[in-house]
Engineer: 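One structure, as structure tokens, below. Some questions next.
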Protein chains: 4
Amino acid sequence: MNNTFGTLFTATTFGESHGKALGVIIDGVPAGIPIDENFIQRELDRRKPGQSSVSTARKESDTGEILSGVFDGVSTGTPIAILLRNSDQHSSDYSNIAGIFRPGHADYTFYKKYGIRDYRGGGRSSGRETSARVAAGAVAKLFLKENGISVRACTSQIGKIKALPPYNWEEVEKNIVRTGDKNAAEKMVDAIRLAAADKDSIGGAVYGEITGLPPGLGEAVFDKFDALLAHAFMSIGGIKGVEIGDGFEVCERFGSENNDQMDANGFLSNHAGGILGGISNGNTVTFRLAVKPTPSIASLQKSINIQGEEVDVEIHGRHDPCLVPRIVPVVEAMAALVTADLLLRSRSDRM
Amino acid sequence: MNNTFGTLFTATTFGESHGKALGVIIDGVPAGIPIDENFIQRELDRRKPGQSSVSTARKESDTGEILSGVFDGVSTGTPIAILLRNSDQHSSDYSNIAGIFRPGHADYTFYKKYGIRDYRGGGRSSGRETSARVAAGAVAKLFLKENGISVRACTSQIGKIKALPPYNWEEVEKNIVRTGDKNAAEKMVDAIRLAAADKDSIGGAVYGEITGLPPGLGEAVFDKFDALLAHAFMSIGGIKGVEIGDGFEVCERFGSENNDQMDANGFLSNHAGGILGGISNGNTVTFRLAVKPTPSIASLQKSINIQGEEVDVEIHGRHDPCLVPRIVPVVEAMAALVTADLLLRSRSDRM
Amino acid sequence: MNNTFGTLFTATTFGESHGKALGVIIDGVPAGIPIDENFIQRELDRRKPGQSSVSTARKESDTGEILSGVFDGVSTGTPIAILLRNSDQHSSDYSNIAGIFRPGHADYTFYKKYGIRDYRGGGRSSGRETSARVAAGAVAKLFLKENGISVRACTSQIGKIKALPPYNWEEVEKNIVRTGDKNAAEKMVDAIRLAAADKDSIGGAVYGEITGLPPGLGEAVFDKFDALLAHAFMSIGGIKGVEIGDGFEVCERFGSENNDQMDANGFLSNHAGGILGGISNGNTVTFRLAVKPTPSIASLQKSINIQGEEVDVEIHGRHDPCLVPRIVPVVEAMAALVTADLLLRSRSDRM
Amino acid sequence: MNNTFGTLFTATTFGESHGKALGVIIDGVPAGIPIDENFIQRELDRRKPGQSSVSTARKESDTGEILSGVFDGVSTGTPIAILLRNSDQHSSDYSNIAGIFRPGHADYTFYKKYGIRDYRGGGRSSGRETSARVAAGAVAKLFLKENGISVRACTSQIGKIKALPPYNWEEVEKNIVRTGDKNAAEKMVDAIRLAAADKDSIGGAVYGEITGLPPGLGEAVFDKFDALLAHAFMSIGGIKGVEIGDGFEVCERFGSENNDQMDANGFLSNHAGGILGGISNGNTVTFRLAVKPTPSIASLQKSINIQGEEVDVEIHGRHDPCLVPRIVPVVEAMAALVTADLLLRSRSDRM
């Protein structure tokens with residue numbers, strides 16, 4: 001089950017960046033959920049390349065075709081398959097690096113694992129793989145919506161530029177870096193352009209939250225809500241750190257500062273990020289993720305080729321100089337998949 | 001499978017902190033591994049309470065009894081069950097908080113999830129649950145050892161006191177805070193004592209690494225090596241953040257700084273923490289974890305009881321004022337379980 | 001997960017016939033189910049050896065100790081572990097066959113699989129392993145009982161002696177062969193005694209049914225209700241055939257004979273055995289199982305030893321001359337586990 | 001995971017008989033296996049409708065398109081997705097039975113399970129679903145072939161006509177009923193034609209075997225080789241009984257007759273059907289399956305409609321009067337999937 005995520009509400013994905021198609025089978029979707037095909041496409045469009053001046057010039061149509069599991073606009077209980085045909089496959093972009101392991105990429109590790117070098121644009125470890133996740137996440141969001149739960153994320157940092165909370169969620173889709181701080185947006189754009197102009201790339205961070213949750217979601221030991229979120233987020237290429245609630249700030253804290261006390265109206269703070277003992281407490285679940293700078297850069301780097309010989313390499317394909325803006329919908333998708341799965345699992349909690 | 005971790009090399013645990021016993025079934029252990037029962041016990045002893053002046057005065061024998069799966073000192077291929085009888089069960093310690101939800105604990109969320117209030121010391125969400133993980137992790141370590149792989153961790157921070165890398169691994173078990181920086185050890189001890197004297201508790205951080213890994217471990221999409229580690233670590237009670245490699249430092253980095261370039265002798269740096277595209281690259285896998293301050297503190301806090309009425313609460317049970325020193329072996333155990341599982345899974349990578 | 005059965009309501013077992021103990025962790029049990037410890041013990045007693053003159057003289061105490069997951073007499077939602085200590089372990093019974101592969105046993109295949117010869121009474125492939133299944137099945141039955149569902153089975157054939165349906169369920173526990181046909185019981189006892197006197201053993205069949213089922217249990221494709229039952233039953237040592245409903249009688253039938261037609265009051269027949277397209281239709285689920293004759297017999301047989309040399313072997317341990325009477329409660333346990341699991345899974349069928 | 005089969009070598013399928021497409025993701029396929037696309041298509045052609053005068057006149061193209069996981073003719077280790085577009089979808093065939101539950105079909109149980117009536121030709125529970133299984137099974141066969149293992153099956157009975165073993169495997173694809181007994185073939189054809197002429201359908205049986213197996217495949221307790229085969233076969237619509245080896249013949253046997261004794265050259269008989277204690281013993285694995293008569297018949301039957309009112313129904317769609325000939329390749333596919341999965345799982349048996 002290397003390419004399946006989830007226990008009851010599951011996504012099984014396939015497809016290489018430069019193969020014929022990508023896709024996903026979403027299984028365990030309860031019957032009777034209104035499936036809005038336009039919503040799924042809008043989510044895919046948020047992830048697709050070529051959206052703005054700070055993303056790659058690559059054009060992928062990213063059109064999702066629902067092949068099964070929906071009848072008269074609602075889910076039938078059977079698996080929903082969504083197909084994403086590849087169109088703009090410039091394999092030739094990669095011919096010059098076919099025998100070379102690109103620094104910061106999975107080229108080397110894939111080759112060591114499988115003994116095969118599918119050089120066409122990163123194959124299965126390409127960011128393009130996440131389009132199938134977004135399609136699955138969109139279906140999860142539709143299920144969560146019926147239960148009053150929603151998931152949202154935004155860019156909270158690009159390089160040294162940090163967005164100032166609380167975030168304005170109305171702003172997020174209005175700026176090309178997808179940040180919730182209008183004032184930071186322009187500076188973030190500049191930081192990305194500067195890096196790109198310098199044949200370089202830049203890192204950042206994503207903040208996200210899940211609202212409308214009932215208390216009681218998450219398993220008590222291994223499949224804690226936060227553990228599944230950490231799994232989900234860290235499985236996105238380029239994520240190097242995950243914080244739940246106040247995250248690494250707790251290292252310097254005293255218990256008296258960090259505990260969320262309660263009164264009759266509920267919790268008096270939310271340092272825990274809505275999760276206690278791995279189980280949602282009814283507060284908003286909050287998280288923050290570290291996103292590494294895009295490994296593909298046009299400046300000169302040292303590497304080796306498939307024969308083990310040293311080579312100099314410059315990556316001239318069409319790549320985002322910063323992964324953060326386009327990773328936001330992927331983060332939301334993964335959070336939605338985790339939440340949908342735990343919501344179904346919680347149905348077995350009591351007699 | 002709420003209480004099972006792993007795909008091929010699995011640990012299924014049971015037991016409440018104040019029930020009859022805890023235990024674990026370790027399944028998928030290949031036949032022929034020398035099982036050193038003394039080693040397993042030493043690992044359990046590293047986690048058990050009452051070890052030092054900075055840990056709880058609670059005495060748990062934590063004696064592991066192997067019930068199955070071992071014959072003539074080697075694993076037989078059948079499941080290895082290890083039983084840990086509870087002995088020092090002062091349920092009476094908890095009678096005064098039986099109807100109260102302790103701040104920062106899972107009391108409230110457990111009650112909301114299952115509709116049942118098992119007040120005896122945290123029940124399943126007690127730190128005591130981790131003894132079963134340590135037993136399983138010890139078996140995983142024995143398997144990894146046969147493959148030249150080892151796992152180690154140490155305290156890297158207590159409150160504002162940070163250990164200075166590179167860590168001296170010889171020192172870790174020689175000081176009661178389990179840090180790899182001899183100079184920081186005394187200050188860390190002081191910080192914990194100060195917090196305890198103040199009826200408070202304190203947070204910290206753990207650093208760890210996996211050495212001797214071949215390249216090629218980890219699945220390409222959802223079950224990336226780092227994703228499974230994040231899942232494993234975040235499933236330990238009290239962990240609020242996970243970093244792989246340079247973690248949140250990547251947010252401010254440029255690609256040219258962050259990529260690990262290669263020459264004929266291998267990687268020239270290890271910012272990635274030994275994992276590329278979710279697959280081990282042969283370098284040391286490194287990680288850092290945020291540990292929250294113990295939620296049980298003796299100072300006055302606001303909470304509610306099971307009837308929803310507001311109450312003031314002081315927690316006077318026997319608790320560690322800092323979770324970090326005793327969480328170190330748990331972290332190692334979880335890292336070992338992940339690695340053992342991926343090692344077995346990698347056996348199916350090629351024809 | 002080699003030793004785990006089920007998806008949501010799961011049983012993970014361990015233990016060798018002549019090791020320290022056997023046991024099971026039952027996970028996914030919803031909170032709030034009354035757990036009657038005496039009932040669990042009665043079920044274990046139905047399976048234990050030494051019950052009657054047609055079963056082995058071996059005495060196993062088979063006392064189940066609940067270690068976790070139950071508080072104040074009800075399930076808490078956490079895993080229920082049940083321990084069964086081994087007591088009457090005559091390993092010496094087996095010393096004379098330690099290096100020999102017994103015909104009809106798993107000795108040879110275990111050795112070929114794991115490279116290890118744990119000769120003590122069959123180890124993990126002993127019938128004793130099924131005691132852990134019975135303990136788990138008893139908990140499943142308690143859950144099903146709360147939902148109005150029950151499972152029952154009886155001996156329908158011993159050698160050439162067939163019980164005449166409809167079976168009288170009141171009679172089953174009153175005769176030592178556990179058949180539902182009072183008239184056949186004595187003849188069955190005679191058939192077993194005759195085989196035993198002849199240093200031989202004898203086969204038979206079990207009939208069983210699940211009543212009180214709602215329509216809608218079972219998954220549509222791979223995890224059909226009948227498919228999971230077949231898996232469950234065939235996993236019991238000695239079962240060589242499984243029929244659902246009319247089973248092999250359908251081979252000679254026409255569709256017009258075999259279809260179960262309906263009127264406003266429900267189905268007019270039950271050839272299908274209560275399952276259509278893998279999903280329960282509200283009728284009684286019925287099944288029949290073929291049980292092979294006990295492989296351990298005292299008469300002379302040809303075999304080889306661990307060195308590959310030809311040997312003659314007589315098995316003089318204490319064995320049942322017929323497996324059927326004691327396999328009945330195991331069959332019920334497996335049917336109960338499947339049904340409990342599907343009942344929980346069905347909770348996710350609809351929005 | 002309702003629509004996934006397998007643990008390491010897995011098939012996840014989707015698609016309704018009258019939706020846009022069916023398909024499968026085959027995950028866990030080791031890298032480096034030659035993938036012969038023509039072979040996959042030939043297997044699909046063996047299952048497709050309209051092959052002969054005894055199968056339905058329905059024409060489905062059943063063309064499999066590989067979308068991923070294959071590069072330069074070999075598997076890459078990433079998931080192989082195969083798409084099967086639906087073409088000849090006469091939904092209108094079903095308009096007259098849209099509100100009626102067809103006897104012997106899953107119409108009623110699907111409706112009770114999901115609350116939705118997707119009347120188009122059986123939807124997910126149509127026999128058409130098995131085309132995705134055959135595609136997955138073909139990939140499994142290619143993997144097994146590299147390991148010297150092969151799977152084959154044939155029709156052993158139609159109504160009262162039984163094929164006489166030993167079967168002539170050269171004959172199977174030469175007659176339209178796919179039997180291994182040339183002499184029985186014509187009589188079988190006649191039996192089917194007679195049933196069809198009578199507006200009726202007829203049942204039968206399939207015999208199959210797996211050759212070239214090493215000893216040691218299969219797990220010792222729940223996932224015995226025979227248990228997984230029983231699961232796999234019983235999950236095929238229309239299968240009502242499964243026998244391994246001599247199956248129900250063992251009910252009347254004595255142990256001295258039934259045990260397979262050994263000498264230095266191996267087993268002296270194969271009553272067990274190649275499996276002991278759930279683990280392959282190196283002999284040929286043999287099995288026999290009961291196939292019910294097609295439920296769709298043109299003669300008058302009683303049923304109810306969605307409003308619960310009594311109706312008379314005649315099914316005039318294009319259906320096979322006998323399922324057996326076209327079920328043969330599906331049986332082979334399921335056996336191949338089980339074997340491939342256990343072959344991979346066995347790689348973790350030893351250190």
Side-chain angles (χ1 to χ4, degrees), chain C residues 2-3 5 103-104 106 109 112-113 115 124-125 157 159-160 200-201 203-205 215-216 219-222 224 226-227 230-231 234-235 240-244 247-248 250-256 258-259 261-264 276-277 279 281 290 292-295 297 299 301-304 310 349, chain D residues 2-3 5 103-104 106 109 112-113 124-125 157 159-160 200-201 203-205 215-216 219-222 224 226-227 230-231 234-235 240-244 247-248 250-256 258-259 261-264 276-277 279 281 290 292-295 297 299 301-304 310 349-350:
Chain C
N2 301 337
N3 293 277
F5 188 79
T109 54
K112 286 290 180 180
K113 183 178 186 65
R124 185 74 180 137
S125 57
Q157 183 176 350
K160 292 184 193 302
D200 214 331
S201 63
E219 302 305 326
V221 178
F222 296 115
K224 288 183 163 78
D226 34 359
H231 184 154
M234 204 69 102
S235 79
K240 300 301 289 184
V242 175
E243 294 185 317
I244 302 295
F248 280 91
V250 304
C251 303
E252 303 201 0
R253 287 232 184 99
F254 294 107
S256 56
N258 194 59
N259 285 343
Q261 301 184 41
M262 297 184 85
D263 68 12
L276 278 172
I279 302 169
N281 65 14
K292 77 176 188 183
T294 320
I297 55 175
S299 55
Q301 297 178 93
K302 293 184 185 205
S303 189
I304 59 170
E310 301 190 350
D349 286 343
Chain D
N2 302 336
N3 294 279
F5 189 79
T109 54
K112 287 290 179 180
K113 184 178 185 68
R124 184 74 179 136
S125 56
Q157 183 177 350
K160 292 185 194 303
D200 214 332
S201 62
E219 301 304 326
V221 178
F222 296 115
K224 290 183 161 79
D226 34 0
H231 184 154
M234 204 69 101
S235 80
K240 301 300 289 182
V242 175
E243 295 184 316
I244 302 294
F248 280 90
V250 303
C251 303
E252 304 200 0
R253 287 233 184 98
F254 295 107
S256 56
N258 195 59
N259 285 343
Q261 301 184 41
M262 297 185 83
D263 68 13
L276 277 172
I279 303 168
N281 65 13
K292 77 174 187 183
T294 320
I297 54 175
S299 55
Q301 298 179 92
K302 293 183 184 206
S303 189
I304 59 171
E310 300 189 349
D349 285 344
R350 303 193 189 191

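The figures that follow rest on heavy atoms only: side chains count, while hydrogens, waters and symmetry mates do not. In what follows, chains are A, B, ... by sequence order, proteins preceding strands, each numbered from 1.
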Engineer: For the interface with chain C, which of D:Pro103, D:Ala205, D:Ser299 has the highest count of heavy-atom pairs at distances below 4.5 Å?
Structural biologist: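 Most pairs with chain C among the choices: D:Pro103.
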Engineer: Using non-hydrogen atoms and a 4.5 Å limit, figure out which bit of D:Arg253 sits close to chain C: side chain, backbone, both or neither.
Structural biologist: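 Both the backbone and the side chain of D:Arg253 come within 4.5 Å of chain C.
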Engineer: Where on C:Gln157 is there a heavy atom nearer than 4.5 Å to chain D: the side chain, the backbone, both, or neither?
Structural biologist: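 For C:Gln157, the side chain is the part near chain D, not the backbone.
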Engineer: Quick one: does any side-chain atom of C:His231 pair with a main-chain N or O of D:Met234 as donor and acceptor, under 3.5 Å?
Structural biologist: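 The answer is no, because no donor-acceptor pair under 3.5 Å joins these two groups.
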Engineer: Find the one option among C:Asp200, C:Asn3, C:Ile304 whose heavy-atom pairs under 4.5 Å with chain D are most numerous.
Structural biologist: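 Sorted descending by pairs with chain D, the first entry is C:Asp200.
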Engineer: Which atoms of C:Thr294 come close to chain D, meaning under 4.5 Å heavy atom to heavy atom: side chain ones, backbone ones, both, or neither?
Structural biologist: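 The backbone, not the side chain.
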Engineer: For chain C, which of D:Lys160, D:Lys113, D:Glu243 has the most heavy-atom pairs under 4.5 Å?
Structural biologist: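 Highest number of pairs under 4.5 Å: D:Lys113.
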Engineer: Quick test of your reading of the model: are D:Glu219 and C:Arg124 salt-bridged, counting only N-O distances below 4.0 Å?
Structural biologist: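 No.
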Engineer: Would you say that D:Pro293 contacts C:Val250 through its side chain, given a criterion of any heavy-atom pair below 4.5 Å between the two side chains?
Structural biologist: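 When only atoms from C-beta onward are counted, C:Val250 and D:Pro293 do touch, with a gap below 4.5 Å.
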Engineer: Please classify the contact of D:Asp263 with chain C as side chain, backbone, both or neither, using a heavy-atom distance under 4.5 Å.
Structural biologist: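 When you check distances to chain C, atoms from both the backbone and side chain of D:Asp263 fall under 4.5 Å.
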Engineer: When rounded to the nearest 0.5 angstrom, what is the spacing between CD1 in D:Ile297 and OG in C:Ser256?
Structural biologist: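 Rounded to the nearest 0.5 Å, the CD1-OG separation comes to 5.0 Å.
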Engineer: Between D:Thr109 and C:Leu276 (side chain of the first, backbone of the second, donor and acceptor by atom type, cut-off under 3.5 Å), is there such a pair?
Structural biologist: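 Yes; judged by distance alone, with no hydrogens or angles, the pair exists.
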Engineer: Side chain, backbone, both or neither: which part of C:Lys224 has a heavy atom under 4.5 Å from chain D?
Structural biologist: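 Contact with chain D is through the side chain of C:Lys224 alone.
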Engineer: Tell me which of these, D:Gly241, D:Cys251, D:Gly203, D:Ala106, has more heavy-atom pairs under 4.5 Å with chain C than the rest.
Structural biologist: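 Among the listed options, the one with the most contacts to chain C is D:Cys251.
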Engineer: Atom CD in D:Glu310, atom CE in C:Met262: separation rounded to 0.5 Å?
Structural biologist: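 The CD atom of D:Glu310 sits 10.0 Å away from the CE atom of C:Met262.
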Engineer: Find the distance between OG (C:Ser303) and CG (D:Asn259) and round it off to the nearest 0.5 Å.
Structural biologist: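 So the gap between those two atoms works out to 10.0 Å.
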Engineer: Is there a donor-acceptor pair under 3.5 Å between the side chain of D:Lys240 and the backbone N or O of C:Gly247?
Structural biologist: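 Not at all, since once roles are kept as given, no pair shorter than 3.5 Å links the two residues.
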Engineer: Between D:Pro215, D:Ala220, D:Gly204, which residue shows the highest count of heavy-atom pairs closer than 4.5 Å to chain C?
Structural biologist: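 Sorted descending by pairs with chain C, the first entry is D:Gly204.
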Engineer: Mind telling me whether D:Phe248 and C:Phe248 have parallel, tilted or perpendicular rings, with 30° and 60° as the class edges?
Structural biologist: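 C:Phe248 and D:Phe248: perpendicular rings.
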Engineer: Under a 4.5 Å cutoff for heavy-atom pairs, which residue among C:Ser201, C:Ala230, C:Gly115 has the most contacts with chain D?
Structural biologist: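 The option with the most such pairs is C:Ser201.
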Engineer: Side chain from CB out, backbone as N, CA, C, O: work out which of these in C:Asp226 comes under 4.5 Å of a heavy atom of chain D, or both, or neither.
Structural biologist: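 Contact with chain D: backbone and side chain both.
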Engineer: D:Lys302: which residues meet the side chain to side chain donor-acceptor pair (under 3.5 Å) condition with it, sequence neighbours left out?
Structural biologist: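 So D:Lys302 forms no side chain to side chain donor-acceptor pair (under 3.5 Å) with any residue.
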Engineer: Is the side chain of C:Ser235 donor-acceptor paired with the backbone N or O of D:Ala227 at a distance under 3.5 Å, no angle test?
Structural biologist: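 Checked: no pair found.
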Engineer: At a heavy-atom separation under 4.5 Å, does C:Ile244 approach chain D through its side chain, its backbone, both, or neither?
Structural biologist: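 For C:Ile244, backbone and side chain are both near chain D.
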Engineer: I'd like to know which of D:Arg350, D:Gln301, D:Lys292 tops the heavy-atom pair count under 4.5 Å against chain C.
Structural biologist: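 Maximum pair count with chain C is reached by D:Arg350.
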